[in-house]
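Notes to accompany the following structure.
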Amino acid sequence: MASLKDLRNRIASVKGTQKITKAMQMVAAAKLRRAQMAAESARPYAEKMSQVLGNLAANLVGGVQGPRLLSGTGSEKTHLLIVCTADRGLCGGFNSSIVRLAREHIRRLTAEGKTVKIVTVGKKGYDLLRRQYRDQIIENRDLRGNKPVDYEFAAEIADSIIARFDAGEFDVATLFYSRFRSVIAQVPTAQRLIPAELPETGGTAPDAALQFEPNEEVILDTLLPRNLTVQVFRALLENAASEQGARTGAMDSATRNAGEMIKKQTQIYNRTRQAMITKELIEIISGAEAL
């Protein structure tokens, strides 16, 4: 049985941990409000950009495939997976759920005989994937110095992806991130970037009165790289909100668990102390009777 001093030290240690988790919960909740507003503000622009590109693609004259970012290379032999996670842990299953989804795609593509290359954004994704797929990771970008996430950082990632595509390093690019719904719900998401995955639209007939100047192919050639940057930026903002939401929930659970542990250890301490007092009383009474 632990001594009273050991129990007091244990209770004090748990109380210290509880203070830390409570502080982390409050900080994450404060950051969550800003991150959530940024993510929600980016959604309408990104969705509207996809709709505009979908309308333009639907109006291409028959036989015209459009830019390579839209039509692809005509092959699906080599896949590039861009896995976006956080640089830090202590946020529940946020990082592991994204990596789990990426692993499922890697196993499926490998079973189909495809070549897989990986770009990680965030230290945790790199740490979790390098154990199995070290040779397939061709680039790693951490988020240190890029918080809050800005558009220039997303543009750097997008430019690197486009440069690799133009160099013929891959045929299909897929982005992995966590879409924010609420503090208790973050949805791991896989979004195809190249060839661009655009929403289905009715479009307008080629002979309709609506005309584009310059033509649709030229506009698509200009907007598609920008759309890729916008989608990456949106994913990073969604990830930032999801990370803080997951951390808020995880620290809340840790704080409550610490409270339950303190209560349990305090009960054990009180029982042990009472047992020691009772034992000492019995010894005193027994000694008195012996005299």
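In this chain, residues are counted from 1 in sequence order.
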task: Any ring pair (Phe, Tyr, Trp, His ring centres under 6.0 Å) involving residues 213-270? Give me the pairs, sequence neighbours left out, ordered by first then second residue.
output: Tyr151-Phe233
- prompt: Can you name the nearest heavy-atom pair linking Val232 to Leu175, along with the distance?
  reply: CA-CD2, 4.2 Å
task: Please collect all side-chain hydrogen bond (donor to acceptor under 3.5 Å, both in side chains) contacts where either partner lies in residues 219-241, sequence neighbours excluded, each pair once.
output: Arg43-Glu238, Ser50-Gln231, Gln191-Gln231, Asn227-Gln231
- prompt: Looking only at heavy atoms, which two atoms of Ala190 and Leu101 are closest? And how far apart?
  reply: N-CD2, 3.9 Å
- request: Search all heavy atoms of Gln186 against all heavy atoms of Ser178 and return the closest pair with its distance.
  value: CB-OG, 3.2 Å
task: State whether the number of non-hydrogen atoms from other residues, nucleotides or ligands found under 6.0 Å of Leu4 atom CG is greater than 12.
output: yes
Note, Asn270 side chain near Gln274 side chain (heavy atom, < 4.5 Å): no
query: side-chain contact (heavy atoms from CB on, under 4.5 Å) between Ser160 and Arg141: does it pass, once the steps are laid out?
result: CA-CA 11 Å; Ser160 174; Arg141 291 177 177 266; 3.9 Å; yes
message: Strictly by salt bridge (Lys or Arg N to Asp or Glu O under 4.0 Å), give each pair with a member in residues 96-108 just once, sequence neighbours left out.
response: Arg108-Glu112
message: For residues 84-96, which residue pairs pass the side-chain hydrogen bond (donor to acceptor under 3.5 Å, both in side chains) check, not counting sequence neighbours?
response: none
query: For Asp6, which residues count as a side-chain hydrogen bond (donor to acceptor under 3.5 Å, both in side chains) partner, sequence neighbours excluded?
result: Ser3
task: List in chain and number order the residues that pass side-chain contact (heavy atoms from CB on, under 4.5 Å) with Thr78, two or more places apart in sequence or in another chain; answer none if no residue qualifies.
output: Thr115, Lys117, Phe170, Asp171
query: Apart from Met26 itself, what residues make up its hydrophobic cluster when side-chain heavy atoms of I, L, V, M, F, W and Y under 4.5 Å apart count as a link, directly or indirectly?
result: none
message: So, using side-chain hydrogen bond (donor to acceptor under 3.5 Å, both in side chains) as the criterion, who are the partners of Thr248 when residues are at least two apart?
response: none
message: Applying ring pair (Phe, Tyr, Trp, His ring centres under 6.0 Å) as the test, list every pair that has at least one member in residues 85-113; sequence neighbours left out.
response: His105-Phe176
Check residues 162-169 and write down every donor-acceptor pair under 3.5 Å in which the side-chain atom is one partner and the other belongs to a residue at least two apart or another chain.
unit_1, atom_1, unit_2, atom_2, d
Arg164, NE, Glu139, OE1, 3.4
Arg164, NH1, Glu169, OE1, 2.9
Arg164, NH2, Glu139, OE1, 3.3

- prompt: Closest heavy-atom contact between Thr189 and Val187?
  reply: OG1-O, 3.0 Å
Pairs under 3.5 angstrom only: tabulate donor-acceptor contacts from the side chains of residues 252-263 to other protein residues two or more places apart or in another chain.
unit_1, atom_1, unit_2, atom_2, d
Asp252, OD1, Gln25, NE2, 3.4
Asp252, OD2, Arg256, NE, 3.2
Asp252, OD2, Arg256, NH2, 3.3
Ser253, OG, Gly249, O, 3.2
Ser253, OG, Arg256, NH2, 3.4
Thr255, OG1, Thr21, OG1, 3.0
Thr255, OG1, Lys22, N, 3.4
Thr255, OG1, Met251, O, 2.8
Asn257, ND2, Ser253, O, 3.2

- line: On a heavy-atom basis, the closest approach of Leu236 and Cys84 is CD2-SG, 4.2 Å
Donor-acceptor list for residues 29-39 side chains, cut-off 3.5 Å, not counting sequence neighbours:
unit_1, atom_1, unit_2, atom_2, d
Gln36, NE2, Glu40, OE2, 3.1

statement: Scanning both residues in full, the closest heavy-atom pair of Gly92 with Ala250 reads N-CB, 3.6 Å
